2 protein chains.
Amino acid sequence: MKRLPDKTVERLSQYRRTLNNQLAKGKTHIFSHEIANLLHITPVQVRRDIMLIGYSGTLRKGYDISEMIELIGTIIDTDQGVRIAVIGMGNLGKAFIHYMYEKRTKLKIVAAFDVNPDKIDKSYEDVYCYHLDKLEEIMIEKEISVAIIATPPEVASPLADRLKEAGIRGILNYTPRPLSPREGVYLEEHDMITSLEKVAYFVKN
Amino acid sequence: MKRLPDKTVERLSQYRRTLNNQLAKGKTHIFSHEIANLLHITPVQVRRDIMLIGYSGTLRKGYDISEMIELIGTIIDTDQGVRIAVIGMGNLGKAFIHYMYEKRTKLKIVAAFDVNPDKIDKSYEDVYCYHLDKLEEIMIEKEISVAIIATPPEVASPLADRLKEAGIRGILNYTPRPLSPREGVYLEEHDMITSLEKVAYFVKN
DNA sequence: TTAGATTTGTTAAAAATTTAACAGCTATTT
DNA sequence: AAATAGCTGTTAAATTTTTAACAAATCTAA
Ligand SMILES: NC(=O)c1ccc[n+]([C@@H]2O[C@H](COP(=O)([O-])OP(=O)(O)OC[C@H]3O[C@@H](n4cnc5c(N)ncnc54)[C@H](O)[C@@H]3O)[C@@H](O)[C@H]2O)c1
Ligand SMILES: NC(=O)c1ccc[n+]([C@@H]2O[C@H](COP(=O)([O-])OP(=O)(O)OC[C@H]3O[C@@H](n4cnc5c(N)ncnc54)[C@H](O)[C@@H]3O)[C@@H](O)[C@H]2O)c1
């Protein structure tokens with residue numbers, strides 16, 4: 001398949017979440033305009049994305065929810081699933097773990113790391129927290145390929161170096177200190193203040 | 001000034017954050033390529049954004065950091081600042097409050113709301129937590145115009161109705177249940193799983 | 001069975017965003 | 001003081017993303 005547009009990849013993830021919700025409600029089929037309403041985008045965009053991933057619905061019946069969830073899975077999931085570490089077991093780290101807990105997705109948080117003795121060698125919702133010293137060892141042992149950084153901002157950059165050294169493939173940085181890109185490591189960042197300021201700007205205007 | 005592109009508004013917030021960091025390090029001027037490196041975007045984009053907000057740097061000296069911070073403030077801040085409520089004082093709500101604490105921005109979290117007696121009538125980092133019953137009353141009293149929803153997903157939608165009724169102007173929804181847009185209320189949503197799945201996808205390919 | 005209403009799938013057009021190109025200014029060097 | 005190098009500001013081009021347009025398929029109901 002041709003490389004999908006970035007924006008489509010982002011939306012696939014949202015489609016799947018929405019589809020799972022609907023499936024749980026007992027629906028088996030769904031129309032493009034229904035998906036669109038749930039995600040406040042346009043039906044055309046939904047259909048176009050679905051076209052791009054090579055799926056087809058049934059005329060006047062819509063899309064088969066299970067099939068589509070399945071297919072999206074084959075596109076955005078890896079076969080064995082992605083194994084993830086959370087670094088920094090503070091509020092944010094815990095919110096993450098809590099959020100992922102019980103979500104049946106191929107993304108699995110398999111370890112947490114911290115430096116605070118109060119947090120180490122305990123489990124939070126089935127995720128065991130190790131001392132940061134064990135990072136390299138556990139990363140290999142658990143085949144971790146993605147890390148979420150939720151530490152204080154000062155340590156983010158050296159941590160990213162260390163992660164790269166240990167073979168990390170992707171980093172999701174929630175620290176407000178943007179990281180410089182590292183060869184071979186996919187980097188994604190998010191800042192709540194940016195989201196908030198955007199809301200504030202558009203509220204004002 | 002002409003309406004700024006959405007993407008530019010988002011970046012302005014990031015510029016300011018970066019500029020504040022640099023100012024704190026004692027720098028007074030900065031080049032477009034320096035900003036670009038720190039945020040891993042291109043220098044052209046930085047210059048273009050700066051042009052759009054009508055600021056000018058000095059040739060061969062770059063941009064005056066303080067002036068630019070000031071100017072960005074006049075664009076994305078409101079005069080009196082935006083007064084914000086966090087609803088749901090769990091991990092995520094606390095992470096938010098902790099993050100905003102001591103950040104000198106015009107965005108101010110002035111109240112939190114919850115329904116759990118353990119959380120109510122206590123302060124967390126100077127933010128007082130009220131019972132949700134007091135929502136309307138406190139919203140008026142504290143002139144709250146933006147709400148961050150960090151409750152369990154089930155309550156998000158009725159909550160949004162209630163917020164709208166009480167005159168909210170913007171909602172930042174961190175619940176994984178997308179809200180339908182409400183007339184006159186600017187809505188922004190974010191899902192960590194989407195970010196994660198994006199990382200996972202690009203790590204795989 | 002024909003007309004009408006829906007809804008998909010696809011191509012084309014439009015809009016938004018990013019990137020490139022380059023002219024012009026300023027400091028520095030020779 | 002002339003040449004050079006470093007950066008900015010701006011217009012134009014390229015790319016990406018969204019929206020529109022519409023043919024084709026399927027069901028409903030007259
Ligand atoms: N991007 C955003 O939108 C956003 C939102 C909230 C918080 N944040 C940021 O996320 C980070 C975490 O926020 P929080 O509220 O969870 O803070 P927190 O203080 O509750 O948690 C930080 C945790 O990191 C641990 N830690 C410290 N140094 C470490 C190291 N070297 N290695 C591993 N762990 C280490 C601490 O022991 C603590 O458990 C902060 O940098 C904060 O600024 C970002
Ligand atoms: N979008 C994301 O990226 C992301 C990430 C993490 C968590 N989440 C979501 O954010 C929400 C909060 O996560 P968390 O880890 O903080 O959960 P949490 O359980 O720690 O916190 C939820 C809080 O909301 C309170 N609450 C319950 N009902 C309420 C109501 N009607 N009004 C006000 N408060 C109420 C609870 O008492 C609790 O304090 C959840 O919906 C979770 O799924 C989203």
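No experiment lies behind these values; they were computed from the predicted model shown. By convention in this document, chain letters (A, B, ...) are assigned in the order of the sequence lines, proteins followed by strands, and residues within each chain are numbered from 1.
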Original post:
Please give, in whole Å, the distance from D/dT16 P to A/Q45 CD?
Top reply: 17 Å
Subject >> Relative orientation of the end axes in the helix from C/dT1-D/dA30 to C/dT30-D/dA1, expressed as an angle to the nearest 10° (five pairs per end) >> reply: 10°
Subject >> B/E197 with A/R16: basic N within carboxylate O range, under 4.0 Å >> reply: yes
Original post:
Can you tell me if B/D6 and A/Y201 form a side-chain donor-acceptor pair at under 3.5 Å?
Top reply: no
**OP:** Indicate, with a heavy-atom threshold strictly under 4.0 Å, whether A/T8 touches base, sugar-phosphate, or nothing.
**Re:** nothing
Original post:
Over how many whole Å does the gap from A/L39 atom CG to D/dT18 atom P extend?
Top reply: 13 Å
**OP:** Find the distance B/I30:CD1 to D/dT8:C1' and express it as a whole number of Å.
**Re:** 15 Å
Original post:
B/D49 has an atom CG; how far is it from atom C1' of D/dG9, in whole Å?
Top reply: 13 Å
Subject >> For chain A, the stretch of DNA chain C it reaches, first to last nucleotide, under 4.0 Å of its heavy atoms >> reply: C/dA5 to C/dA12
Original post:
Could you give the CD1-to-C1' distance, from A/I41 to D/dT18, as a whole number of Å?
Top reply: 11 Å
Subject >> Nucleic acid footprint by protein, nucleotides 23-30 of chain D - heavy-atom cut-off 4.0 Å, B for base, S for sugar-phosphate alone >> reply: --BBB---
Original post:
In terms of side-chain geometry, is the basic nitrogen of A/E183 or A/K164 positioned less than 4.0 Å from the acidic oxygen of its partner?
Top reply: no
Subject >> Distance in angstrom units between B/R47 CZ and D/dG6 P, rounded >> reply: 14 Å
Original post:
Do B/H29 and B/Y63 make the cut of ring centroids closer than 6.0 angstrom?
Top reply: no
Original post:
Under 4.0 Å between a Lys/Arg side-chain N and an Asp/Glu carboxylate O for A/E125 and A/K94?
Top reply: no
**OP:** Grab the CG-P distance between A/D6 and D/dT16 for me, whole Å please.
**Re:** 9 Å
Original post:
So which of B/V44, B/L38, B/L39 actually passes side-chain contact (heavy atoms from CB on, under 4.5 Å) with B/I41?
Top reply: B/L39
Original post:
Going by atom types alone, do B/Y124 and A/N91 pair a side-chain donor with an acceptor below 3.5 Å?
Top reply: yes
**OP:** Could you tell me whether A/E136 atom CD has more than 12 heavy atoms of other residues or ligands within 6.0 Å of it?
**Re:** yes
Original post:
Judged by modelled atom types alone, do A/Y99 and B/D191 share a side-chain donor-acceptor pair under 3.5 Å?
Top reply: yes
Subject >> A/D161/A/R182 ion pair, N-O < 4.0 Å >> reply: yes
**OP:** Send over the distance from A/H40 NE2 to D/dT18 C1', rounded to a whole Å.
**Re:** 17 Å
**OP:** Would you please classify the geometry between the B/Y186 ring and the A/F202 ring as parallel, tilted or perpendicular, with 30° and 60° separating the classes?
**Re:** parallel
**OP:** Name the nucleic acid region contacted by B/S56, choosing base, sugar-phosphate or nothing; use a 4.0 angstrom heavy-atom cut-off, strictly under.
**Re:** sugar-phosphate
